[in-house]
Amino acid sequence: GKSYAPWGLKATPSAAAASAATTGLISSQDSSVGCPKQDAGGKTFVIGMFKTGTTSMTAALLMMGGACVKQRDPKVNSCGFNEVLNISQTDWFADDIAVKVEQSDRWAELVKGASRATVHADGPWLFMYKQMDKLYPFSKFILTTRDVLKLAHIEVKMWEKLGNFDLLRKEVGHQYNGTDSEFGAWAKAWLRQHVQQRYEHHNAAVRHFFRDRKCDLLEWDITTPETRPVVEVWSTLAKFTGLVAPPGNPPFPKLNTKHNPEFSGLGLVQKGV
């Protein structure tokens with residue numbers, strides 16, 4: 001039971017090797033054969049790691065008729081990073097992050113508030129695929145991927161922009177024994193290592209969980225829209241999610257890049273609660 005991967009994406013021990021070896025390939029047989037047609041009102045969870053094109057994928061799903069929701073609190077929504085869970089910067093790298101999320105006093109509120117959404121993406125949803133799979137049977141899950149070295153580079157740049165290294169020093173500074181002037185280099189190395197480890201661990205865990213359910217998981221490399229015909233890109237998503245390809249097969253959205261640096265996941269909201 002392999003994941004639904006129409007371009008030959010395969011799980012391997014190395015995420016970097018997987019990305020390099022499989023990007024843009026198309027399999028000789030459509031792995032959706034034998035899969036039941038998805039209900040257009042069903043839920044789709046985008047569970048790729050941060051900075052793997054999740055915002056662009058979410059925008060694409062909305063163009064196809066999917067719906068995000070948010071509560072009155074603008075920091076609580078189904079399609080953007082949720083800041084209300086009181087999760088520390090380093091907790092997002094913990095192996096038991098799903099447990100930490102469930103223990104948050106805002107988790108139940110977040111789940112209830114987002115219950116009417118048909119699209120879920122970003123944190124913490126990407127870590128909660130087991131819980132969401134149990135809560136919403138027959139949902140679909142999209143694992144977005146990219147080259148892990150590029151991912152680590154982008155994360156470092158984002159942390160610099162957001163000033164997160166100051167928070168990192170408070171949380172893991174006790175692990176550092178060097179001088180103040182050298183902390184920045186140490187922190188960047190710490191982040192690169194943990195980003196790569198988290199990415200490979202998460203992807204391996206997702207692939208293992210869905211190993212016998214080829215119809216429920218779609219792996220999507222971030223370069224796919226650039227390497228495949230746009231009609232094929234939209235038809236693949238439509239077949240997998242049960243949503244409808246947008247009229248005219250427009251270009252696949254490309255957001256949160258240097259061309260759209262200020263795009264926010266909150267801007268994807270289509271329905272309020």
Side-chain angles (χ1 to χ4, degrees), residues 3-7 9 23-24 26 30-32 35 37-71 74 76-82 113-123 125-126 129 132 136 138-146 215-273:
S3 304
Y4 178 99
W7 291 293
L9 297 176
T23 298
I26 185 166
D30 188 341
S31 55
S32 67
C35 294
K37 182 176 176 58
Q38 170 72 335
D39 183 349
K43 288 181 177 289
T44 300
F45 292 88
V46 182
I47 58 173
M49 190 51 63
F50 305 119
K51 299 302 176 184
T52 59
T54 57
T55 303
S56 298
M57 175 59 71
T58 302
L61 296 174
L62 297 187
M63 290 171 66
M64 300 173 70
C68 298
V69 302
K70 70 174 180 179
Q71 295 175 266
V76 180
N77 65 97
S78 75
C79 292
F81 186 78
N82 288 272
S115 61
R116 284 192 277 169
T118 60
V119 177
H120 296 69
D122 216 314
W125 307 108
L126 70 100
Y129 56 92
M132 296 296 97
Y136 300 110
F138 312 112
S139 294
K140 299 296 184 180
F141 297 82
I142 299 177
L143 179 66
T144 49
T145 63
R146 76 178 307 157
C215 297
D216 296 332
L217 178 68
L218 171 67
E219 290 196 41
W220 186 277
D221 188 272
I222 195 172
T223 63
T224 294
E226 301 172 1
T227 58
R228 306 308 310 167
V230 67
V231 173
E232 189 175 331
V233 169
W234 288 117
S235 65
T236 297
L237 281 178
K239 185 181 298 183
F240 179 72
T241 63
L243 298 172
V244 180
N249 293 300
F252 193 85
K254 188 174 182 179
L255 305 173
N256 272 353
T257 68
K258 63 182 179 181
H259 302 296
N260 299 279
E262 302 304 323
F263 188 92
S264 167
L266 293 177
L268 293 174
V269 172
Q270 286 201 338
K271 293 183 179 180
V273 174

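Closest approach of Phe240 and Asp216 over heavy atoms only: CZ-O, 3.4 Å. Residues Met64 and Leu243 share a closest heavy-atom pair of O-CB, 3.6 Å. For Gly48 against Thr54, the heavy-atom pair with the smallest separation is O-CG2, 3.6 Å. Between Phe252 and Ala60, the closest heavy-atom pair is CE1-CB, 3.4 Å.
The SG atom of Cys79 sits 6.0 Å away from atom CG of Leu62, with the distance rounded to the nearest 0.5 Å. Rounded to the nearest 0.5 angstrom, Ile47 CD1 and Leu217 CG are separated by 6.0 Å. Note that CH2 of Trp220 and OG1 of Thr145 are 11.0 Å apart. Values are rounded to the nearest 0.5 Å. Within the model, atoms CG of Asp122 and CE of Met57 stand 14.0 Å from one another, a figure rounded to the nearest 0.5 Å. Distance NZ/Lys43 to OG/Ser115: 6.5 Å, rounded to 0.5 Å.
Looking only at side-chain heavy atoms (C-beta outward), Thr52 and Ile222 stay at 4.5 Å or farther from each other. Residues Val46 and Trp125 are not in side-chain contact: their nearest non-hydrogen atoms beyond the backbone lie 4.5 Å or more apart. The side-chain heavy atoms of Cys215 and Phe138, taken from C-beta on, include no pair separated by under 4.5 Å.
Among residues two or more places apart in sequence or in another chain, the side chain to side chain donor-acceptor pair (under 3.5 Å) test is passed with Thr44 by none. For Pro250, the side chain to side chain contact (heavy atoms under 4.5 Å, CB included) partners are Met63, Trp234, Pro246, not counting sequence neighbours.
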* **Chi angles and distances behind the side chain to side chain contact (heavy atoms under 4.5 Å, CB included) call for Leu237, Ile142** => CA-CA 10 Å; Leu237 281 178; Ile142 299 177; 4.1 Å; yes
* Starting from the C-alpha separation in whole Å, work towards a yes-or-no answer on side chain to side chain contact (heavy atoms under 4.5 Å, CB included) for Asn77 and Cys68. => CA-CA 8 Å; Asn77 65 97; Cys68 298; over 6 Å; no
* To do: Starting from the C-alpha separation in whole Å, work towards a yes-or-no answer on salt bridge (charged side-chain N to carboxylate O under 4.0 Å, His left out) for Arg146 and Asp221.
  => CA-CA 6 Å; Arg146 76 178 307 157; Asp221 188 272; over 6 Å; no
* Where do Leu126 and Phe50 land on the side chain to side chain contact (heavy atoms under 4.5 Å, CB included) test, with the steps shown first? -> CA-CA 9 Å; Leu126 70 100; Phe50 305 119; 3.6 Å; yes
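Within the 3.5 Å criterion, the main-chain N or O of Val233 finds no donor-acceptor partner in the side chain of Thr224. In terms of modelled atom types and a separation under 3.5 Å, the side chain of Thr227 and the main chain of Thr223 share a donor-acceptor contact. The backbone N or O of Met132 sits nowhere less than 3.5 Å from a side-chain atom of His120 that would complete a donor-acceptor pair. Formation of a donor-acceptor pair under 3.5 Å by the Asn82 side chain with backbone atoms of Gly80 is found in this model.
The number of heavy atoms from other shown groups lying within 6.0 Å of OH (Tyr136) is above 12.
Ring-plane geometry between Phe45 and Phe141 is classed as parallel, the angle between the planes falling under 30 degrees on a 0 to 90 degree scale with a further cut at 60.
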